[in-house]
Protein chains: 2
Amino acid sequence: MKFTKATNYALHTMLTLVTASPAKPIGVQQLAESQGVSPTYLSKILTKLVKAEMIESISGAHGGYRLSQKKDDITFLDIIHAIEGTASLFECNFVHGDECSIQAVMTEAEGKMQSHLRNTKLADLVQKQP
Amino acid sequence: MKFTKATNYALHTMLTLVTASPAKPIGVQQLAESQGVSPTYLSKILTKLVKAEMIESISGAHGGYRLSQKKDDITFLDIIHAIEGTASLFECNFVHGDECSIQAVMTEAEGKMQSHLRNTKLADLVQKQP
DNA sequence: CCTTCATAGACTTTACCTATCTATAATATC
DNA sequence: GATATTATAGATAGGTAAAGTCTATGAAGG
Ligand code: SF4
Ligand code: SF4
């Protein structure tokens, strides 16, 4: 029960991209180096973010990654879901109907966490940077 | 990023115990059978709950498990922490000081979930049973 | 004494995360 | 067009923690 490292990398990359100039994309090599992770592995993670249409990739020389147009709508929950999937944190083997009290408590608890992550946008971090 | 099955087993066992008579303890064999899990594995999990002083174990014939005295104070968070530990869900490799905005968001989100789990007691489920 | 039942440790198996390697496609520069 | 640069994709290997098994030990009741 922990967030994966991939999520960690994704969040840091997004933080880097949101503070960077959208004019010149940043290569995966540079992004990887600043986080101490291999470029090939990070690129796998970033591809997920591309598929989720949060960032754009530019191939070829002077290529790299930059935020997509909808950068102001991206929430923490979006990033996490893009990497970890959207499955529920608590899954029971059998399903004994909707009135199950255990499931109700667990699902609501997860919902509380999600709603905070959904209400916090990536753009909210920009002002807080020194 | 998922709750472990062990947590699932623990929650169900606790639900069974809270609705049972405290006079006669329930054996691990019966508890395991109703959940479709092996008795030896479940016993490992229940031992953690004993160490956390949430349940008591009685050895010997007619032995088994029953809730401890403080049954009215047991929260969902207590059970989860007893099984999964109390480490934070989000852990970054480097620590760049307290002002880190990523960590702040993630920690607060987790806190929202925890506070719901802490405010829901095991005893709250009893009324809801048919 | 013998049966029942919890406890503990060592151990195996399984599943998933993490990471690497290689080949391929796209783009810019010359 | 040739070449260098860079992202993408798939296969694959490694590592780690969860999930489950086995066996031995110890406590309690009859
Ligand atoms: S009791 Fe609830 S949580 Fe447990 S298996 Fe049934 S539906 Fe799932
Ligand atoms: S930026 Fe924040 S979350 Fe990232 S490594 Fe530094 S302290 Fe941790």
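Everything numeric here is computed off the predicted structure, so don't read it as measured data. Protein chains get the first letters and strands the later ones, always in sequence-line order, with residue 1 at the start of each.
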**Message:** Check whether Thr75(A) reaches the backbone of Asp78(A) with its side chain - one donor and one acceptor, N or O, closer than 3.5 Å.
**Reply:** yes

Set out, line by line, the N/O atom pairs under 3.5 Å between protein and nucleotides 5-8 of chain C.
unit_1, atom_1, unit_2, atom_2, d
dC5(C), O4', Gly60(B), O, 3.3
dA6(C), OP1, Val28(B), N, 3.1
dA6(C), O3', Ser57(B), OG, 3.3
dT7(C), OP1, Ser57(B), OG, 2.6
dT7(C), OP2, Tyr65(B), OH, 2.4

**Asked** Of all nucleotides in DNA chain D with an atom under 4.0 Å from a non-hydrogen atom of chain A, which is the first and which the last going 5' to 3'?
**Response** dT5(D) to dA11(D)

**Complete:** Nearest heavy-atom approach of Lys121(B) to Asp72(B) is CD-O, 3.3 Å

**Request:** Return the value, rounded to whole Å, for the distance between atom CD of Glu91(B) and atom P of dT18(C).
**Result:** 13 Å

**Message:** Can you confirm whether Phe3(A) sits close enough to Glu84(A) that some side-chain heavy atom of one is under 4.5 Å from a side-chain heavy atom of the other?
**Reply:** yes

**Prompt:** Of all of residues 1-13 of chain A, which get a heavy atom below 4.0 angstrom from DNA chain D, listed by number?
**Reply:** none

**Item:** Counterpart residues, salt bridge (charged side-chain N to carboxylate O under 4.0 Å, His left out), relative to Lys24(B) (two or more places apart)
**Value:** none

**Asked** Taking CD from Glu84(A) and P from dA15(C), how many angstroms apart are they, rounded to a whole number?
**Response** 20 Å

**Message:** Can a donor-acceptor pair be found, under 3.5 Å and without considering hydrogens, that links the side chain of Thr107(B) to the backbone of Ala104(B)?
**Reply:** no

Distance-only donor-acceptor hits, side chain of residues 35-46 of chain B, under 3.5 Å, sequence neighbours excluded:
unit_1, atom_1, unit_2, atom_2, d
Gln35(B), NE2, Thr13(B), OG1, 2.9
Ser38(B), OG, Thr40(B), OG1, 3.4
Ser38(B), OG, Tyr41(B), N, 3.2
Ser43(B), OG, Thr40(B), O, 3.4

**Contacts of type salt bridge (charged side-chain N to carboxylate O under 4.0 Å, His left out), residue Lys70(A), not counting sequence neighbours** = Glu53(A)

**Asked** Hey, does the side chain of His116(A) reach the backbone of Lys112(A) with a donor-acceptor pair shorter than 3.5 angstrom?
**Response** no

**Message:** Just checking Lys71(B): does its NZ atom have more than 12 heavy atoms from other residues, nucleotides or ligands closer to it than 6.0 angstrom?
**Reply:** no

**Message:** Taking CD in Glu33(A) as the centre, count heavy atoms belonging to other residues, nucleotides or ligands within less than 6.0 Å. Is the count above 12?
**Reply:** no

